[in-house]
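Supplied in structure tokens, the structure appears directly below.
Positions are given from 1 along the sequence.
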Amino acid sequence: MSDKKKILIIQPIHKAGIDLIKNNANYDYEIIENIDDKDIKQKILECDGLSIRTANLSSELINISKKLKIISRHGVGYDNIDLKSSKEKNITLAITATANAVAVAEHVMFMLLNISKRKNMYDEAVKTGNFSNRNKLPKTIELWKKNILIAGFGRIGQSLIRRCKGFEMNVFVYDPFVSKDIIEELGGKKVEDLTEAVKSMDAISLHMPLNEKTKNIINYDLLKTMKKNCIIINAARGGMINENDLDKALNESLIFGAGLDVFETEPPKEDNPLLKNNKVFLSPHTAAFTEECMIRMGKETIQNIIDFFEKKLDKSKIIKL
């Protein structure tokens, strides 16, 4: 009988990650591209570890596994994994904690700049022969000296603050779990009350996990207290912003604009009103999809599995269940 560990790679990852296990004599691996539960059920029975991206890892799938010891999430969110079953079976859950911070922070700035500079409107004016109408176009917004609130101050939030400071923005941070000293050391100011803080912000960027406390944390009642020039960015998890409320607030010009990389339902349903709202800038959950980041995430995903079995997995990458 082989002593090799069997690793299931649910959804393809970058070749750089595959190479780590392909060239390791201690492991056998299989890649599942079809994320239908039937296919996963057949393979998960005897696997010792698995990696997963956005596919749903239900309690049923986890419970039928016989040998599963480590789940390595390709990314930092894990709301697609049944945590209760994982805990009951004493399965370790690890994330790619260090791989995607730069990519997501850059994507937030990309969205913030596109919205504040009215990229679509200005680009269209030139391409459609309306260059001479430039003085009639609505004016853009500067980021200089503007107030931005970073809600959630993990690695991504801390990467974002460095970029915001480069634009000389005034950065405020809401995170009950991060000390005032750490925030101030990086040039931010800690706020204790999210509801009060949003009232004076020109931009808000969400970087919190989705849970019972954060679901629909941005709703119509909160949106109507914000400044009319406020821009909201969500490149964390869908569900934190009530999408119907956001559409209503944008249509009523309660805020300036919004940028969403994530949605409550992915892909968003065809009747989602935000798909037709020209005040929102959208991307298909691709904030981390830089070539460089995909290499880092692929490698870290597999390295987490190897490190687990070699008993040297960094504790900072393990999610407490």
**Prompt:** Got more than 12 heavy atoms from elsewhere within 6.0 Å of NZ, Lys189?
**Reply:** no
**Working for side-chain contact (heavy atoms from CB on, under 4.5 Å), residues Ile148 and Ile161** = CA-CA 9 Å; Ile148 183 169; Ile161 194 173; over 6 Å; no
**Prompt:** Got a donor-acceptor contact below 3.5 angstrom from the Arg296 side chain to the Ala99 backbone?
**Reply:** yes
**Message:** What verdict does the side-chain contact (heavy atoms from CB on, under 4.5 Å) test give for Asn135 and Leu137, after you've listed the backbone C-alpha separation in whole Å, the side-chain angles of each residue and the deciding distance to 0.1 Å?
**Reply:** CA-CA 6 Å; Asn135 291 323; Leu137 293 172; over 6 Å; no
Could you give the side-chain donor-acceptor pairs of residues 199-211 under 3.5 Å, partners two or more places apart or in another chain?
residue	atom	partner	partner atom	Å
Lys199	NZ	Glu196	OE2	3.0
Ser200	OG	Ala197	O	3.4
Asp202	OD1	Lys227	NZ	2.7
Asp202	OD1	Asn229	ND2	3.0
Asp202	OD2	Asn147	N	2.8
Ser205	OG	His207	NE2	2.7
Asn211	OD1	Lys213	N	2.9
Asn211	OD1	Thr214	N	3.0
Asn211	OD1	Thr214	OG1	3.3

**Message:** I need the full list of ring-ring contact (aromatic ring centres under 6.0 Å, His included) pairs touching residues 215-271, with sequence neighbours left out, sorted by first then second residue.
**Reply:** none
**Message:** According to a hydrophobic-cluster definition based on side-chain heavy atoms being under 4.5 Å apart (Ile, Leu, Val, Met, Phe, Trp, Tyr only), do Val198 and Leu250 belong together?
**Reply:** yes
**Request:** Treating Ile, Leu, Val, Met, Phe, Trp and Tyr as nodes and any side-chain heavy-atom pair under 4.5 angstrom as an edge, say whether Ile150 and Met111 lie in one connected cluster.
**Result:** yes
**Request:** Decide salt bridge (charged side-chain N to carboxylate O under 4.0 Å, His left out) for Asp28 and Lys6; before the verdict, give the C-alpha distance in whole Å, the side-chain angles of both, and the deciding distance to 0.1 Å.
**Result:** CA-CA 5 Å; Asp28 283 327; Lys6 295 182 179 179; over 6 Å; no
**Message:** Among Lys66, Lys41, Lys5, exactly one meets salt bridge (charged side-chain N to carboxylate O under 4.0 Å, His left out) together with Glu46. Which residue is that?
**Reply:** Lys66
**Message:** So for atom CG, which belongs to Asn90, do other residues, nucleotides or ligands contribute more than 12 heavy atoms lying within a distance under 6.0 Å?
**Reply:** no
**Hydrophobic cluster membership, Leu160 vs Val178, 4.5 Å side-chain cutoff** = yes
**Message:** Could you walk me through whether Glu168 and Lys146 satisfy the salt bridge (charged side-chain N to carboxylate O under 4.0 Å, His left out) test, starting with their C-alpha distance in whole Å, then the side-chain angles of each, then the deciding distance to 0.1 Å, before giving a yes or no?
**Reply:** CA-CA 8 Å; Glu168 298 183 67; Lys146 294 298 193 298; over 6 Å; no
**Request:** Assert yes or no for the condition that the ring centre distance of Phe281 to Phe110 is strictly below 6.0 Å.
**Result:** yes
**Fill in**
So the side-chain hydrogen bond (donor to acceptor under 3.5 Å, both in side chains) pairs with at least one residue in residues 104-115 (sequence neighbours excluded) are His107-Ser283
